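Written out below as C-alpha coordinates is the structure these notes cover.
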Number of protein chains: 2
Amino acid sequence: MNQPIHLKSAGLKSTLPRIRVLNLFESSDEHHLSAEDVYKKLLATGDDVGLATVYRVLIQFEQAGLLVRHNFAGDKSVFELNQGKHHDHIVCLQCHRVEEFYDATIESRQNKAAAERGFTVQDHSLNIYANCIKPKCPNKPR
Amino acid sequence: MNQPIHLKSAGLKSTLPRIRVLNLFESSDEHHLSAEDVYKKLLATGDDVGLATVYRVLIQFEQAGLLVRHNFAGDKSVFELNQGKHHDHIVCLQCHRVEEFYDATIESRQNKAAAERGFTVQDHSLNIYANCIKPKCPNKPR
DNA sequence: GAATGTGATGTTAATGATAATCATTCCTAT
DNA sequence: ATAGGAATGATTATCATTAACATCACATTC
Ligand SMILES: [Mn+2]
Ligand SMILES: [Mn+2]
Ligand SMILES: [Zn+2]
Ligand SMILES: [Zn+2]
(Lines give C-alpha, C1' and ligand atoms only; values in the text may rest on other atoms or scores of the structure.)
(Ligands and ions follow the chains in the order given, each with its own letter.)
Protein backbone atom coordinates (compact mmCIF):
# COMPACT_ATOMS: atom_id res chain seq x y z
CA MET A 1 0.00 0.00 0.00
CA ASN A 2 1.33 3.41 -0.94
CA GLN A 3 -0.17 6.25 1.05
CA PRO A 4 -3.80 5.27 1.43
CA ILE A 5 -3.41 7.04 4.73
CA HIS A 6 -3.98 10.46 3.28
CA LEU A 7 -6.72 9.34 0.97
CA LYS A 8 -8.73 7.45 3.53
CA SER A 9 -8.39 10.07 6.21
CA ALA A 10 -9.53 12.54 3.59
CA GLY A 11 -12.66 10.52 3.02
CA LEU A 12 -11.56 9.35 -0.40
CA LYS A 13 -11.54 5.78 -1.64
CA SER A 14 -8.01 4.60 -2.30
CA THR A 15 -7.83 4.06 -6.02
CA LEU A 16 -4.89 3.68 -8.37
CA PRO A 17 -5.41 6.98 -10.23
CA ARG A 18 -5.71 8.92 -6.98
CA ILE A 19 -2.62 7.28 -5.55
CA ARG A 20 -0.69 8.11 -8.70
CA VAL A 21 -1.71 11.74 -8.66
CA LEU A 22 -0.91 12.07 -4.97
CA ASN A 23 2.47 10.39 -5.44
CA LEU A 24 3.26 12.76 -8.24
CA PHE A 25 2.68 15.81 -6.09
CA GLU A 26 4.68 14.28 -3.26
CA SER A 27 7.65 13.37 -5.42
CA SER A 28 7.78 16.11 -8.05
CA ASP A 29 10.26 18.93 -7.54
CA GLU A 30 7.99 21.28 -9.47
CA HIS A 31 5.30 21.65 -6.91
CA HIS A 32 2.88 23.91 -8.76
CA LEU A 33 1.23 21.70 -11.35
CA SER A 34 -1.62 22.23 -13.78
CA ALA A 35 -4.03 19.47 -14.81
CA GLU A 36 -2.18 19.20 -18.09
CA ASP A 37 1.15 19.01 -16.24
CA VAL A 38 -0.14 16.14 -14.11
CA TYR A 39 -1.60 14.35 -17.10
CA LYS A 40 1.61 14.55 -19.12
CA LYS A 41 3.91 13.65 -16.26
CA LEU A 42 1.89 10.54 -15.52
CA LEU A 43 1.90 9.62 -19.18
CA ALA A 44 5.67 9.97 -19.27
CA THR A 45 6.16 7.50 -16.42
CA GLY A 46 3.61 5.08 -17.81
CA ASP A 47 1.33 5.70 -14.83
CA ASP A 48 -1.40 6.57 -17.27
CA VAL A 49 -4.53 8.32 -15.98
CA GLY A 50 -7.36 9.72 -18.08
CA LEU A 51 -7.44 13.48 -18.44
CA ALA A 52 -11.00 13.76 -17.16
CA THR A 53 -10.00 11.72 -14.12
CA VAL A 54 -7.07 14.04 -13.50
CA TYR A 55 -9.43 17.00 -13.47
CA ARG A 56 -11.85 15.19 -11.18
CA VAL A 57 -9.17 14.05 -8.77
CA LEU A 58 -7.69 17.52 -8.56
CA ILE A 59 -11.09 18.93 -7.63
CA GLN A 60 -11.62 16.20 -5.06
CA PHE A 61 -8.20 16.73 -3.53
CA GLU A 62 -8.83 20.43 -3.38
CA GLN A 63 -12.16 19.92 -1.65
CA ALA A 64 -10.59 17.42 0.73
CA GLY A 65 -7.92 19.95 1.63
CA LEU A 66 -5.05 17.92 0.21
CA LEU A 67 -4.33 20.42 -2.54
CA VAL A 68 -4.57 24.17 -2.89
CA ARG A 69 -5.58 25.78 -6.18
CA HIS A 70 -4.10 28.95 -7.61
CA ASN A 71 -5.01 31.00 -10.66
CA PHE A 72 -2.13 33.05 -11.92
CA ALA A 73 -3.04 35.84 -14.34
CA GLY A 74 -6.27 34.23 -15.47
CA ASP A 75 -4.38 31.29 -16.88
CA LYS A 76 -5.12 27.67 -16.25
CA SER A 77 -5.36 26.58 -12.62
CA VAL A 78 -2.31 25.19 -10.87
CA PHE A 79 -2.31 23.06 -7.74
CA GLU A 80 0.15 22.35 -4.97
CA LEU A 81 0.20 20.13 -1.91
CA ASN A 82 -1.43 21.73 1.09
CA GLN A 83 1.36 21.86 3.64
CA GLY A 84 -0.76 23.79 6.06
CA LYS A 85 1.39 26.87 5.61
CA HIS A 86 -0.38 29.58 3.66
CA HIS A 87 1.78 31.68 1.40
CA ASP A 88 1.52 34.03 -1.54
CA HIS A 89 3.35 33.93 -4.85
CA ILE A 90 5.72 35.86 -7.06
CA VAL A 91 5.49 34.74 -10.69
CA CYS A 92 8.22 35.56 -13.18
CA LEU A 93 6.64 36.88 -16.36
CA GLN A 94 9.59 35.64 -18.39
CA CYS A 95 10.50 32.16 -17.18
CA HIS A 96 7.27 31.49 -15.27
CA ARG A 97 9.23 30.50 -12.21
CA VAL A 98 7.16 30.73 -9.04
CA GLU A 99 8.58 31.82 -5.72
CA GLU A 100 6.68 31.78 -2.46
CA PHE A 101 6.60 34.29 0.34
CA TYR A 102 4.71 35.06 3.49
CA ASP A 103 4.32 38.41 5.18
CA ALA A 104 2.43 38.47 8.45
CA THR A 105 1.87 42.20 8.22
CA ILE A 106 0.24 41.89 4.82
CA GLU A 107 -1.98 39.11 6.10
CA SER A 108 -3.18 41.02 9.12
CA ARG A 109 -3.77 44.22 7.18
CA GLN A 110 -5.88 42.31 4.69
CA ASN A 111 -8.04 41.03 7.49
CA LYS A 112 -8.26 44.49 8.95
CA ALA A 113 -9.30 46.04 5.64
CA ALA A 114 -12.03 43.45 5.16
CA ALA A 115 -13.30 43.61 8.71
CA GLU A 116 -13.52 47.40 8.62
CA ARG A 117 -15.83 47.10 5.63
CA GLY A 118 -18.07 44.46 7.14
CA PHE A 119 -16.72 41.41 5.37
CA THR A 120 -15.96 37.97 6.74
CA VAL A 121 -12.85 36.78 4.90
CA GLN A 122 -13.08 33.31 3.43
CA ASP A 123 -9.99 33.32 1.28
CA HIS A 124 -7.62 35.58 -0.55
CA SER A 125 -5.20 35.53 -3.44
CA LEU A 126 -2.08 37.68 -3.72
CA ASN A 127 0.15 37.29 -6.74
CA ILE A 128 3.05 39.48 -7.70
CA TYR A 129 4.02 39.44 -11.37
CA ALA A 130 7.63 40.33 -11.91
CA ASN A 131 10.81 39.77 -13.83
CA CYS A 132 13.46 37.83 -12.04
CA ILE A 133 17.05 38.86 -12.43
CA LYS A 134 18.57 35.70 -11.12
CA PRO A 135 20.85 33.63 -13.34
CA LYS A 136 18.31 30.84 -13.31
CA CYS A 137 15.93 32.90 -15.41
CA PRO A 138 16.26 32.15 -19.10
CA ASN A 139 14.43 35.44 -19.58
CA LYS A 140 12.56 34.04 -22.49
CA PRO A 141 10.07 36.44 -24.02
CA ARG A 142 6.56 35.71 -22.85
CA MET B 1 -18.12 64.38 -31.17
CA ASN B 2 -18.23 62.37 -28.00
CA GLN B 3 -14.88 61.86 -26.32
CA PRO B 4 -12.49 61.37 -29.19
CA ILE B 5 -10.11 63.09 -26.83
CA HIS B 6 -9.36 59.99 -24.87
CA LEU B 7 -9.25 57.74 -27.87
CA LYS B 8 -6.96 59.90 -29.96
CA SER B 9 -4.60 60.72 -27.14
CA ALA B 10 -4.48 56.98 -26.51
CA GLY B 11 -3.38 56.42 -30.06
CA LEU B 12 -6.68 54.85 -31.08
CA LYS B 13 -8.76 55.78 -34.06
CA SER B 14 -12.09 57.27 -33.02
CA THR B 15 -14.70 54.78 -34.14
CA LEU B 16 -18.31 54.32 -33.19
CA PRO B 17 -17.85 50.97 -31.42
CA ARG B 18 -14.95 52.28 -29.37
CA ILE B 19 -16.85 55.42 -28.44
CA ARG B 20 -19.80 53.33 -27.34
CA VAL B 21 -17.70 51.05 -25.17
CA LEU B 22 -15.89 53.99 -23.61
CA ASN B 23 -19.18 55.80 -22.97
CA LEU B 24 -20.56 52.73 -21.30
CA PHE B 25 -17.68 52.55 -18.83
CA GLU B 26 -17.92 56.27 -18.16
CA SER B 27 -21.65 56.24 -17.54
CA SER B 28 -22.33 52.85 -15.95
CA ASP B 29 -22.72 52.70 -12.19
CA GLU B 30 -21.42 49.13 -12.21
CA HIS B 31 -17.83 49.87 -12.97
CA HIS B 32 -16.43 46.35 -13.13
CA LEU B 33 -17.68 44.91 -16.41
CA SER B 34 -16.96 41.69 -18.29
CA ALA B 35 -16.95 41.45 -22.07
CA GLU B 36 -20.35 39.81 -21.92
CA ASP B 37 -21.61 42.58 -19.63
CA VAL B 38 -20.48 45.20 -22.11
CA TYR B 39 -21.97 43.33 -25.04
CA LYS B 40 -25.35 42.92 -23.39
CA LYS B 41 -25.56 46.43 -22.03
CA LEU B 42 -24.86 47.86 -25.47
CA LEU B 43 -27.45 45.58 -27.00
CA ALA B 44 -29.99 46.76 -24.45
CA THR B 45 -29.52 50.40 -25.38
CA GLY B 46 -29.51 49.69 -29.09
CA ASP B 47 -25.86 50.73 -29.33
CA ASP B 48 -25.13 47.40 -30.87
CA VAL B 49 -21.52 46.25 -31.13
CA GLY B 50 -20.29 42.84 -32.26
CA LEU B 51 -19.04 40.56 -29.53
CA ALA B 52 -15.70 40.02 -31.24
CA THR B 53 -15.26 43.77 -31.46
CA VAL B 54 -16.06 44.11 -27.78
CA TYR B 55 -13.28 41.67 -26.93
CA ARG B 56 -10.87 43.44 -29.26
CA VAL B 57 -11.69 46.90 -27.97
CA LEU B 58 -11.30 45.81 -24.36
CA ILE B 59 -7.84 44.47 -25.12
CA GLN B 60 -6.92 47.63 -26.96
CA PHE B 61 -8.18 49.85 -24.16
CA GLU B 62 -6.26 47.78 -21.67
CA GLN B 63 -3.06 48.07 -23.67
CA ALA B 64 -3.65 51.79 -24.11
CA GLY B 65 -4.00 52.17 -20.36
CA LEU B 66 -7.64 53.27 -20.50
CA LEU B 67 -8.90 50.15 -18.77
CA VAL B 68 -7.55 47.82 -16.11
CA ARG B 69 -8.25 44.09 -16.23
CA HIS B 70 -9.00 41.92 -13.23
CA ASN B 71 -9.43 38.18 -12.90
CA PHE B 72 -11.46 37.25 -9.87
CA ALA B 73 -11.25 33.59 -8.84
CA GLY B 74 -10.26 32.35 -12.27
CA ASP B 75 -13.55 33.53 -13.69
CA LYS B 76 -14.02 35.64 -16.76
CA SER B 77 -12.05 38.86 -16.93
CA VAL B 78 -13.62 42.10 -15.76
CA PHE B 79 -12.50 45.59 -16.69
CA GLU B 80 -12.79 49.00 -15.13
CA LEU B 81 -11.78 52.51 -16.10
CA ASN B 82 -8.22 53.34 -15.19
CA GLN B 83 -8.57 56.27 -12.84
CA GLY B 84 -4.89 56.30 -12.11
CA LYS B 85 -5.51 55.16 -8.55
CA HIS B 86 -4.45 51.58 -7.98
CA HIS B 87 -6.54 49.59 -5.58
CA ASP B 88 -7.25 46.01 -4.60
CA HIS B 89 -10.60 44.24 -4.30
CA ILE B 90 -12.86 42.46 -1.88
CA VAL B 91 -15.33 40.20 -3.67
CA CYS B 92 -18.45 38.92 -1.93
CA LEU B 93 -18.81 35.21 -2.59
CA GLN B 94 -22.56 35.45 -2.20
CA CYS B 95 -23.76 38.55 -4.02
CA HIS B 96 -20.59 39.14 -6.08
CA ARG B 97 -20.48 42.72 -4.96
CA VAL B 98 -17.01 44.20 -5.34
CA GLU B 99 -15.56 46.67 -2.91
CA GLU B 100 -12.28 48.47 -3.39
CA PHE B 101 -9.55 49.24 -0.90
CA TYR B 102 -6.02 50.51 -0.77
CA ASP B 103 -3.44 49.87 1.90
CA ALA B 104 -0.09 51.60 1.52
CA THR B 105 1.57 49.24 3.97
CA ILE B 106 0.51 46.21 1.99
CA GLU B 107 1.78 47.80 -1.20
CA SER B 108 5.18 48.63 0.21
CA ARG B 109 5.62 45.25 1.83
CA GLN B 110 4.84 43.56 -1.46
CA ASN B 111 7.58 45.55 -3.13
CA LYS B 112 9.93 44.75 -0.30
CA ALA B 113 9.22 41.02 -0.50
CA ALA B 114 9.82 41.00 -4.24
CA ALA B 115 12.95 43.13 -4.11
CA GLU B 116 14.49 40.96 -1.38
CA ARG B 117 14.15 37.98 -3.70
CA GLY B 118 15.62 39.67 -6.74
CA PHE B 119 12.44 40.46 -8.61
CA THR B 120 11.44 43.60 -10.45
CA VAL B 121 7.71 44.00 -9.86
CA GLN B 122 5.63 44.63 -12.96
CA ASP B 123 2.17 44.14 -11.54
CA HIS B 124 0.26 42.47 -8.78
CA SER B 125 -3.19 41.20 -7.98
CA LEU B 126 -4.70 41.05 -4.51
CA ASN B 127 -8.25 39.81 -4.12
CA ILE B 128 -10.03 39.03 -0.88
CA TYR B 129 -12.96 36.64 -1.14
CA ALA B 130 -15.45 37.13 1.63
CA ASN B 131 -19.05 37.20 2.71
CA CYS B 132 -20.52 40.60 3.24
CA ILE B 133 -22.85 41.14 6.14
CA LYS B 134 -24.32 44.37 4.96
CA PRO B 135 -28.03 44.66 4.28
CA LYS B 136 -27.32 45.18 0.60
CA CYS B 137 -26.17 41.60 0.28
CA PRO B 138 -28.94 39.32 -0.92
CA ASN B 139 -26.69 36.54 0.31
CA LYS B 140 -27.71 34.40 -2.57
CA PRO B 141 -26.05 30.99 -2.64
CA ARG B 142 -23.18 30.95 -5.09
C1' DG C 1 -11.95 -15.85 -0.85
C1' DA C 2 -15.97 -14.89 -4.11
C1' DA C 3 -20.20 -12.18 -4.79
C1' DT C 4 -22.20 -7.46 -4.99
C1' DG C 5 -23.46 -2.91 -5.21
C1' DT C 6 -21.78 1.64 -5.36
C1' DG C 7 -18.70 4.74 -6.64
C1' DA C 8 -14.59 5.59 -9.89
C1' DT C 9 -12.75 5.53 -14.42
C1' DG C 10 -11.98 6.54 -19.37
C1' DT C 11 -13.64 7.77 -23.79
C1' DT C 12 -15.90 10.99 -25.94
C1' DA C 13 -18.87 14.89 -26.59
C1' DA C 14 -20.35 19.41 -24.77
C1' DT C 15 -19.39 24.03 -22.71
C1' DG C 16 -17.92 28.63 -22.08
C1' DA C 17 -14.68 32.15 -22.65
C1' DT C 18 -11.78 34.07 -25.77
C1' DA C 19 -8.99 34.44 -30.07
C1' DA C 20 -8.41 33.99 -35.15
C1' DT C 21 -10.29 34.48 -40.07
C1' DC C 22 -11.73 37.07 -43.68
C1' DA C 23 -14.77 39.55 -46.49
C1' DT C 24 -16.87 44.03 -46.02
C1' DT C 25 -17.09 48.70 -44.25
C1' DC C 26 -15.32 52.86 -42.14
C1' DC C 27 -11.72 56.65 -40.83
C1' DT C 28 -8.50 59.79 -41.98
C1' DA C 29 -5.42 62.04 -44.64
C1' DT C 30 -4.92 63.49 -49.22
C1' DA D 1 -14.47 63.10 -53.15
C1' DT D 2 -10.91 59.41 -53.29
C1' DA D 3 -7.89 55.88 -51.78
C1' DG D 4 -5.57 52.91 -48.68
C1' DG D 5 -5.19 50.88 -44.48
C1' DA D 6 -7.35 49.93 -40.27
C1' DA D 7 -11.66 48.41 -37.95
C1' DT D 8 -15.78 45.76 -37.83
C1' DG D 9 -18.87 41.75 -37.54
C1' DA D 10 -20.26 37.07 -38.61
C1' DT D 11 -18.36 33.02 -38.22
C1' DT D 12 -15.23 29.53 -37.08
C1' DA D 13 -11.47 27.82 -34.23
C1' DT D 14 -9.06 27.07 -29.85
C1' DC D 15 -8.24 26.05 -25.13
C1' DA D 16 -9.34 24.72 -20.61
C1' DT D 17 -12.64 22.49 -18.24
C1' DT D 18 -16.90 19.79 -17.38
C1' DA D 19 -20.73 16.49 -18.48
C1' DA D 20 -22.49 11.89 -20.08
C1' DC D 21 -22.47 7.31 -19.91
C1' DA D 22 -21.04 2.69 -20.39
C1' DT D 23 -17.56 -0.10 -18.13
C1' DC D 24 -14.67 -1.32 -14.32
C1' DA D 25 -12.66 -1.49 -9.59
C1' DC D 26 -12.86 -0.95 -4.35
C1' DA D 27 -14.61 -2.18 -0.05
C1' DT D 28 -17.80 -4.79 2.37
C1' DT D 29 -20.65 -8.81 3.08
C1' DC D 30 -21.31 -13.72 2.90
MN1 LIG E 1 2.88 27.75 -3.52
MN1 LIG F 1 -11.81 48.31 -9.00
ZN1 LIG G 1 12.47 34.46 -14.52
ZN1 LIG H 1 -22.64 40.12 -0.47
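In what follows, chains carry the letters A, B, and so on, assigned in the order in which the sequence lines appear, proteins first and then strands, with residues in each chain numbered from 1. Predicted, not measured: the structure shown is a model, and the values here were computed from it.
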Open item on the list: Using the side-chain heavy atoms of A:Ala35, tell me which of these nucleotides is nearest: D:dT17, D:dA27, C:dT18.
Closed with: D:dT17
Task: B:Lys13 side-chain proximity, nearest of D:dT8, D:dG5, C:dG10 - done: D:dG5
Open item on the list: What's A:Ser34 touching, base or sugar-phosphate or nothing? Going by heavy atoms closer than 4.0 Å.
Closed with: nothing
Open item on the list: At less than 4.0 Å, is any side-chain N or O atom of A:Ser77 found next to OP1 or OP2 of D:dT17? Yes or no.
Closed with: yes
- [ ] Look at B:Thr15 and D:dT8 and indicate whether a side-chain polar atom (N or O) is within less than 4.0 Å of OP1 or OP2.
- [x] yes
Could you tell me whether a side-chain N or O of [X] sits under 3.5 Å from a main-chain N or O of [Y], the two making a donor and an acceptor?
X       : Y       : result
A:Arg18 : A:Leu7  : no
A:Ser27 : A:Asn23 : yes
A:Arg69 : A:Glu62 : no

TODO: Output, in order, the C-alpha distance, side-chain angles, deciding distance and verdict of side-chain contact (heavy atoms from CB on, under 4.5 Å) for A:Phe72 and A:His89.
DONE: CA-CA 9 Å; A:Phe72 299 143; A:His89 297 87; 3.8 Å; yes
- [ ] Would you kindly compare A:Leu16 and B:Leu16 by the position of their nearest DNA chain C nucleotide and give the one closer to the 5′ end?
- [x] A:Leu16
Task: Linked hydrophobic residues, A:Val121 as query - side chain contacts closer than 4.5 Å - done: A:Ile90, A:Phe101, A:Ile106, A:Phe119, A:Leu126, A:Ile128, B:Ile90, B:Phe101, B:Ile106, B:Phe119, B:Val121, B:Leu126, B:Ile128
TODO: Could you list by number each residue of residues 52-66 of chain A showing a heavy-atom separation from DNA chain C of less than 4.0 Å, or answer none if no residue does?
DONE: A:Ala52, A:Thr53, A:Arg56
Open item on the list: Could you check whether A:Glu99 pairs with A:Arg97 (Lys NZ or Arg NE/NH1/NH2 to Asp/Glu carboxylate O, under 4.0 Å)?
Closed with: yes
Task: Exercise: do B:His32 and B:Glu100 side chains pair donor with acceptor under 3.5 Å - done: yes
Open item on the list: Can you see whether A:His124 engages A:His86 through a side-chain donor-acceptor pair at a distance of less than 3.5 angstrom?
Closed with: yes
TODO: Please state how far atom CG in B:Leu7 lies from atom P in C:dC26, giving the value in whole angstrom units.
DONE: 18 Å
- [ ] Would you mind reading off the bend of the helix from C:dG1-D:dC30 to C:dT30-D:dA1 from its two end axes, five pairs each, to 10 degrees?
- [x] 30°
